[in-house]
Structure formats: C-alpha cells, structure tokens
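Before any comments, here is the structure.
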Amino acid sequence: MKFASSYEPGEYEADIYAAWEASGAFAPNSQGEKRFSIVMPPPNANGNLHIGHGLTIALEDSLTRYYRLRDRKSWFIPGADHAGFETWVVYERALEKEGHTRFEYPREELYARVWNFVEENRGNMELQLRALGASCSWQDLTFTLDENVIRRVYATFEKMWKDGMVYRGEKLVNYCTKHQTAFADIEVEHQDDKGHLWDIAYTYDGGEIIVSTTRPETLFGDAAVAVNPEDSRYKDLIGKTVHLPLTDREIPIIADEHADMEYGTGAVKITPAHDYDDFEVGNRHDLPRITVIGFDGKMLDAAGPDYAGLTTAECRKKVLKDLKEQGLLRGEKQITHSVAHCYKCGTVLEPLLMKQWFINTEKLAKTAVAHLENNEIKFYPENKKNVLINYLKGLKDWNISRQIPWGIAIPMFHCEETDEWIFDTRTDLHEIEVAGKKYLRDEDTFDTWFSSSHWPIVCTDWEEGIPNEFYPLNVMETGADILFAWVARMIMMGLYVTGEVPFREVYLHGLVLDAHGQKMSKSKGNVINPIDMVGKYGSDAFRMGILRGRSAGMNQAFSENSVVSGRNLCNKLWNISRFIQSIVDEETKDDNIIDNIGVKTENMGEDWICRELDRCRSVLEQDFAEYRFADAVETIYSTIWDKYADWFIESQKLYKNTPLLKSTLEMILIMLHPFAPFVTEAIWQNLSWTDGMIINAEWPLRLEYDPISAENFERLTITVSEVRSTMQRLSELNKGKKYGLLYGDDSLVNDNSLLVQYLTRCSSINPTDGTPRGLRIAAPNTELYLDVPEEIINKYRAQLEEHILAVGRELDGLNARMMNPNYVEKAPAGLVKETRDQIKEKEDLISRLKTQLKII
RNA sequence: GGGUUGUUAGCUCAGUUGGCUAGAGCACCUCGUUUACACCGAGGGGGUCGGGGGUUCAAAUCCCUCACAACCCACCA
C-alpha cells in the first residue's frame, strides 16, 4: 500500500519538485498552437521571500500550470533583482559592521565587492521559490544585471539621447544625506512630523516684514521675500528690498501667488535652492539659487564663517539663538507638518540642487495614455486603468540618476574642456578618448526602475525585426502598490522600444495584511513567513489558503485558517485516492480487471457526478479567464469535498464502477493541480494505473451524462438529507434510537431503496402496507415515512407546528408577490413561473407536514 | 486638498450584468468507531448586508447623503 492514512507534504514535496525540474516540464515545450507567457516580478537576488511573494507565486504559478494543462506553450520566466538601493543598504550596513565606509573605496571596487556579496547570498530565494512550487523555466532566469539587460537598457538610452528625450538638468532632488543619493519622487515617504514655525523679522528702512518658516537655517539661501499680489497689507512694499538677518545681504520683496495670505503673516521667504515651491518661484522671478547645505548635510561657506561646517540641526539652533539676541525672533509655535523621509533610514530628505539626468516623459506618457484609452490592456481590477491614466497625465520628468555604485552605470562621458557629453557603452572604463579628447564617465547609475521597465522585453529576448512568439506577455501579475513605479514604466518603455504594449492584461494583487488587517512590518513583529507556513501545512495548503478570500487589487488579511482548510483538503483528496486505489487493488487481486470496458455511467449517482464535475470544469475555465482565483479554489474545494466525497464516493460503496472511479479521480486531480501541484502529483505517482506526471496531463474534456438521471440523484440527495435531519431531531427526543423507513408510491425510493437505506443509516426500508404510519418526510415529490411510535411523534408535535407556521410565512410572502400586478407584468416570465412553482411546492409541503399531524 | 477602495455570521472573506429562503472556510452546539479520511461523518445555531434617504414589481447589488477604515497622489513657508 503506497498510501499512508494521512498525507504528509514534507515527505513528498522536495522529491516531486526535483522530478519536475529534471524532466524539463517547466520549459515551454508543448506542441499546442497557443502560448502563455508570464514573467515573475524579480525578487531581490540576495534576500528572502516574504508573504507577498508567496501570493505572487500562488497566482502566477496557478495560471501557468492551468495553461500548461490546457496544452499551451507555457513560459513562466523567473527573475532575480539586483535591487539597487535595497541591496546597497544591506551591503553598506555590512561594511559598517566591519568598521568601514563606502567612501574608502573607488566605485569599481565597490561594484565588484557588492557583486561578490550578492553572489554569496544568492540562491536562498531560488530555493524558496521551489518550495512554493513555482513551475518557472529556470534555464531562462534573468538577472537584472545580465549582459543582455544592460545591452538593451543602453540601446534604449542611446535612442532616447538621439531623440532628444534625455537632458541634464539642475533641479532639486530628494537627497538622503546619510546614503548620499538622490531619490525619485515616488521613492519618498512622507510622514507627519511635529515641528515649529518661527516668525522672523526682516528689516528695511523704516520698518520690518515678518516671515514664517520651519527651517530658519535655510535663511542664508534666501533670494527674496514673497507676498501675495492681492495682499493689501504689503502692496506698497513690493519692489523694495529688505535686510537678510545675520548677513549683509539685501533681498527684494516680490509679488507671487505662492504666498498664501491666510497663512502666518502672509509673507514668505524664498529659498530656491532648498525648497521645491521656492525653486518654482525663483524660476518665475529669475532669482539666484544659493546653495547653503552640502551633500553631507553640513552648512557650506555660503552660510558665512560663523555657520559653515555646522550640521543643519546645529545651525538651526545657532541661528535661532543669534536671532533672539538681535531681537529678530518674534514668535514660535508648534505645528504638525508632513516631512519627506528616506524610506530606508528615516533621515529627513534634503531638497538639494544637483545636476542629474532626466527623461522628458511627455511623449512617453502621451503615447501610453493613447494606448490605454484604446483599451489595449485589460486591467484587473478594472478601475486601476483610470488611476494609471490620471497618473500618466500628470507625470513629471523622470530623474534617472542615482549616486550609488550598485547598479547599471550611466553610459555618458563628459569632456571638461568643451563641457560636452557623449554617449558611449564602455562603462567599464573610467575615462575614454574620442577624437583626441579626454572624456570622464559620469559616476552615477540608473534608477532601477529605468532598467526594470524593460522587463517584459528582456525576459522574452525581444529583438527588433525578429518575430517573437512570447511578446507581448499574456499577463503581467504584480502588486498594486507598484502600479506607478513599475507597471506604468513598463508600458511606456514597451511602447517606446517595441511599438507594442508589453502585455495584454494586468492582474494586480493587494497587500497581504496580518490576521487583524494590519500591515506586516518587522517593527510590529507581525510578519508571517511563507516558508514557515509551507513547513507547517505544506506548499499546497499555503497556496490555496492565500488565494482563498482574496480579490484583485485589495489589501486583505492573511488567515491561517484558510491554510488549515487547504491542508484538510489535501488530506481529504489523499484519502479519496487511497480508497479508490484500494478498490482497484481488490479487483486486481481477484483478477477481475474490467479496464478495457471503458468508462460508462451505470446509475444516476454516476450521471450526477459527471454533471457536477463538468460544471466544475466549466466554472474553473471561466474563473481562470477572468482571474477569479478565490472563486476557483472554492469551486474545486466544494466539488471534491461536498460532492465527490460526500455523495459519489459514498454511493460507490454500493455500486463500484471502477473505470469511472479511476477516470473521475484523474479529473479532480487535474482540476486541482494548478492550485495544489504537490499533492496531486504525489497521488498521481502513487496510483497504480496512471502514466507520466500530472504536470503534463491534459485538461479534461466535456463529460457525457444523462441529465434526467443526474437530476433524479439530486432529488434523492435532498430526500436523504431530509431523512437525516428528521432523524437527528427525533434522536434528540428519544436518545440514540434508530427507525425504519416506509415508502409509498415513490418510484425513486422504490428503485433505490438500498442506497437510501445506506445513505440514511436507517434500520430498515420497506414498502408501506397501504396504510401509512409514522412521520412523513417533508422532502418534495416523495412519499416516505419514518416508522416512529406515536408517543415520540407527540413529543415532536410542537416542533412540527412551528415548522408549519414558518413555511406558512414564506408562503404568504410569495403569495403577496404574486398579488402584485406589477410584478406579474414586469418581472421576467421565467421568474414569475418560478414563483408559482415555489408557491405550489410550499403548499404541498404544508399539506405533507399536516399529514404528519393528522396521522397522529 | 485630490483620488481609489472598503464597511455582509464570532473571525477572515465570497456574492460576476439588480431576481430562489444572503453563502464559504475557521470557530461554536448536538449526535456519531458506518469498507478512505477525527486533518473525519451526520445534523444544527448564528446575519434587519455601516446609518439614513431615493429609483424599481424587486436593492447586499444602482443613485444621493452621512459615519468610519485603509491605501495612493499632491501639499502644508
């Protein structure tokens, strides 16, 4: 016997995965006409998978396995991300621990060191992907720093450079003085912080103007004081100059809408080099940009000898003290305002002027919007399309320079003599010579999203002019949280490079929250590790559990209970298989093999299960087409448990149709396989008659059955349930007592009396002798009595009367509906007929129940 | 400030274009060694679908409004 009494996932999973991998089943090697291509959002190469990856893999792998079963050339392309900044932070921390800093090494050496660091830590996440059952084509794994990725990114960048979409601009960037790099707007985390608002007097001949600021240390960079042009208080001052405190500078008072009359004193200091709004104001009024804070977060010489070299915090203190001494500090109040922080170290980001490479996104965004509005990409959930379009319509230029060595070097070289920039791919060199002139490489690297935006292109090896079978991807599955950062950019880049959208459909999953709907975070200590779940309940259980009760785009709690129910299903299926195998073994032993007879239904239970399995198949097909994973899991779950096991297997204990048992078991295994690949394969391998591996099996075809016969069985199940329920209630009145069944003019029960007796576990079953006695079973279209002695029925009387009243209330409701002429006239005919039928049914039921009372 | 989504059983969630008595898993209660399975079997309890209004023969579902929650974007001198 190959089947133990329960399924232990740990004993099978690793071997099964190894067997799949060795067989080459993950490659897109079907002979089918259609294809299915999907890429994995690359997890961090040197990290561990988190619960979100668990969800991603459950979704993507279920799809892949489904389409593989449907005989499509299915290609699930795995990836690994160099995770530029993420990895950099981890590495820098490691360096710090050893007592070093990045500034001790040249960039080339740092790059090599991080490469080794990643290489050493790599492989962990790949093992974890295997544990989750990802059936991805490992030989096609793409690393974000692979040769072909860099080549493609350079080609795009060159094209953009030639198209005039790349420019070098001095703009304010979000700068982390700890990590010493700039961030894109999208990477900035805003937090509400407590701060102070100080009022400072700027004096002029014969008066003063009070400005409010949260950042007095930037005062040295002030280029003007702005007031609102509508503000009558300051009308006469516009055009005059004021003295900038603690300096010997005079700055103009200008009129600009930016100054809010309602806020503070209505006058605001303008510091173009250290504030985004002020930068814009400065541009409008042609103000100088005076940088007073350095990249190390310390004050520069421009702040004056007393302040240069201080940190911003020290400087703020001193400025306030000095202002106070001079009597220029006029007020201080506490406020809460939102402040930009580094999402890694929490340092307050400093807006600093930097020369950076920018992509002009106007054309890219416009093209993307046009294709989106043309419905070339279908979104799940649907509303994300409009969210994306709105974002693209307001998109600003994209800063693609990052000041960290770990990434793809920007292929631009600068000649100091001529101040000219040229494109060149020889980024392994620090300096190059072209036409007798010396050029130095820009030290910066690309924003990771710039290279990641090529993901569908590089993973499918798309090349210009060469037909590519797998591009555009069938679907892009990723987190809703990176809709802007990634999905938007892939669409823009796909269109720019290939002229086509990079994928036909987008499925976005939400955040996986903890059991109480809280965001998981290390600091809260509520992080659930998917691999722990796999160890505890098995990979299949985790996959089904995380898909259950989850819909596109929504942040939803992770419930371990759902994983438990997944585990239970695996065991249930295991035992169903164990039972069927035992029947097959019996027959083999008796040398009574009837395999070659072929699969035929021989009784109504068999027709019924064929109908239910066929319905299940068609619901699953629909669910996969529309990405309704939770519904699919629930459908296959209830088909296996509530239908196949509870009714079909039970009835087969009387009628053994072995060929049908075998073929229907194969069918449920195959239908469950996309979600629970391991247990279905383990069973497939243990069954005596199956060939090959289930991963390569074929999705079931439409099943034939007799619908009338199937419907009869359905009726029988209702009758049986009613008998059981009645018996249970009686048993509460008369402990543990069993009763016999008597049937009257009822061909269904008559023809299937043994089955009815078996399923109801009643003590006997006989035809009535013409005069019915006992308690009539309330199920419709049946004449069946429980042979219960009168005194017990008397005890049951009150319950029965209550039941009749309840049915009567329902009947009243239905009658009221029919009395409404508008309903009869306007509701669909089918529905009205249904109501009529129901009324008849209720009336019949009441009469049956009343019979029970009369008999007494 | 702008936007998106949500509020359904004790908990986590379904409910696809309005239409049977609103469903599932887990939890709960009662009974149960019956040719697989106690990770089991049978039966059962539990919801005026966030509040209020409207449209309709009919609303958990559509519209308005209020409350609460989450997320995203922008911004707060």
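Per chain, numbering begins at 1; letters A, B, ... match sequence-line order.
Partners of A/D256 by salt bridge (charged side-chain N to carboxylate O under 4.0 Å, His left out), not counting sequence neighbours, listed by chain and number: A/R284. Here A/D623 pairs with A/V619, A/R628, A/D631, A/A632, A/T635 under the side chain to side chain contact (heavy atoms under 4.5 Å, CB included) rule; sequence neighbours left out. Looking at residues two or more places apart in sequence or on another chain, you find no salt bridge (charged side-chain N to carboxylate O under 4.0 Å, His left out) involving A/K572. Applying the salt bridge (charged side-chain N to carboxylate O under 4.0 Å, His left out) rule to A/D397 yields no partners; only residues at least two apart in sequence or on another chain are considered. A/E382 is linked by a salt bridge (charged side-chain N to carboxylate O under 4.0 Å, His left out) to nothing, counting only residues two or more places apart in sequence or in another chain. For A/A267, the side chain to side chain contact (heavy atoms under 4.5 Å, CB included) partners at least two apart in sequence or on another chain are A/I209, A/V211, A/V225, A/V227, A/Y234, A/T265.
Within 4.0 Å of A/P828, counting heavy atoms only, lies at least one base atom of the nucleic acid. A/D260 comes within 4.0 angstrom of a base, heavy atoms only. Across all strands shown, A/S565 has heavy atoms under 4.0 Å from sugar-phosphate atoms exclusively, and none from any base. Residue contacts for A/E382: at a heavy-atom cut-off of 4.0 Å it reaches no nucleic acid atom on any strand shown.
Along RNA chain B, the nucleotide nearest A/E650 and the nucleotide nearest A/T214 are compared for position; the residue whose nucleotide lies closer to the 5' end is A/E650.
B/A60 and B/U21 are spaced 11 Å apart, taking the P atom of each and rounding to whole Å. Only the C1' atoms considered, B/U48 is 12 Å distant from B/U8, to the nearest whole Å. Atom P of B/C64 sits at a distance of 14 Å from the matching atom of B/G6, rounded to the whole Å. Nucleotides B/A59 and B/A22 are separated by 13 Å at their P atoms, to the nearest Å. With P as the reference atom, B/U7 and B/G50 are 7 Å apart, rounded to whole Å. Nucleotides B/C29 and B/A69, compared at atom C1', are 34 Å apart to the nearest Å. Nucleotides B/G54 and B/C40 are separated by 49 Å at their P atoms, to the nearest Å. Rounded to whole Å, the C1' atom of B/C63 lies 13 Å from the corresponding atom of B/G18.
Residue pairs satisfying the salt bridge (Lys or Arg N to Asp or Glu O under 4.0 Å) criterion with at least one member in residues 533-548 of chain A, sequence neighbours excluded, are listed as follows: A/D61-A/R543, A/K536-A/E560. The salt bridge (Lys or Arg N to Asp or Glu O under 4.0 Å) analysis of residues 478-487 of chain A, with sequence neighbours excluded, yields no pairs.
In the set B/U35, B/C57, B/C72, the nucleotide with an atom closest to the side chain of A/Y823 is B/C57. Checking B/C37, B/C57, B/U21 against every side-chain atom of A/K826, the shortest atom distance belongs to B/C57. If you check B/U56, B/A36, B/G19 against the side chain of A/L831, the one that comes closest is B/G19.
Remark: side-chain polar atoms of A/K524 are paired, donor with acceptor, to backbone N or O of A/K519 under 3.5 angstrom.
By the 30° and 60° cut-offs, the orientation of the rings of A/F624 relative to A/F629 is perpendicular.
In this structure, A/N390 places its CG atom 10 Å from P of B/G3, rounding to the nearest Å. Summarising the geometry, the separation between CG on A/L654 and C1' on B/U35 is reported as 11 Å, rounded to the nearest angstrom. One atom, CD1 of A/I389, and another, C1' of B/G2, lie 18 Å apart when rounded to the nearest Å. Taking atom CG on A/L511 and atom P on B/A70, their separation rounds to 14 Å, with Å as the unit. Look at CD on A/Q518: it is 13 Å from C1' on B/C71, rounded to the nearest Å. Computed from coordinates, the A/Y655 OH to B/U35 C1' distance equals 16 Å when rounded to whole Å. Between A/Y537 atom OH and B/G25 atom C1' the separation is 13 Å, expressed in whole Å. Across the protein-nucleic acid pair, A/F579 atom CZ and B/U34 atom P stand 16 Å apart, rounded to whole Å.
For the residue pair A/R729 / A/S725, a side-chain donor-acceptor distance below 3.5 Å is found, with atom types taken as modelled. Residues A/K269 and A/T218 bring a donor and an acceptor atom of their side chains to less than 3.5 Å of each other.
For the pair A/R489 and A/W398, the cation-pi criterion (under 6.0 Å, within 45° of the ring axis) is fulfilled.
Side-chain N/O atoms of A/R567 include none lying less than 4.0 angstrom from OP1 or OP2 on B/C37.
Where RNA chain B pairs in unbroken runs of 3 or more (Watson-Crick or G-U, both distances under 3.5 Å), the stems are B:1-7 with B:67-73, B:10-13 with B:23-26, B:28-32 with B:40-44, B:50-54 with B:62-66.
The stretch residues 834-846 of chain A comes close to RNA chain B through A/Q838, A/K842, each having a heavy atom under 4.0 Å from the strand.
The line from CD1 of A/I640 to CD1 of A/I636 is 4.0 Å long, rounded to the nearest 0.5 Å.
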In B/S/- notation (B base, S sugar-phosphate only, - none; protein heavy atoms under 4.0 Å), nucleotides 40-48 of chain B written 5' to 3' is SSBSS----
Reading nucleotides 5-18 of chain B from 5' to 3' and marking B where a protein heavy atom lies under 4.0 Å of the base, S where only the sugar-phosphate is that close, and - otherwise, the string is SS-----SSS-B--
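Ion pairing of A/R550 with A/E634 is absent here, as no side-chain N (NZ or NE/NH1/NH2) approaches a carboxylate O to less than 4.0 Å. At a threshold of 4.0 Å, the pair A/R761-A/E650 counts as salt-bridged, since one of the basic side-chain nitrogens sits closer than that to a carboxylate oxygen.
Taking 3.5 Å as the limit, the base of B/A36 and the side chain of A/K653 contain a donor-acceptor pair of atoms between them.
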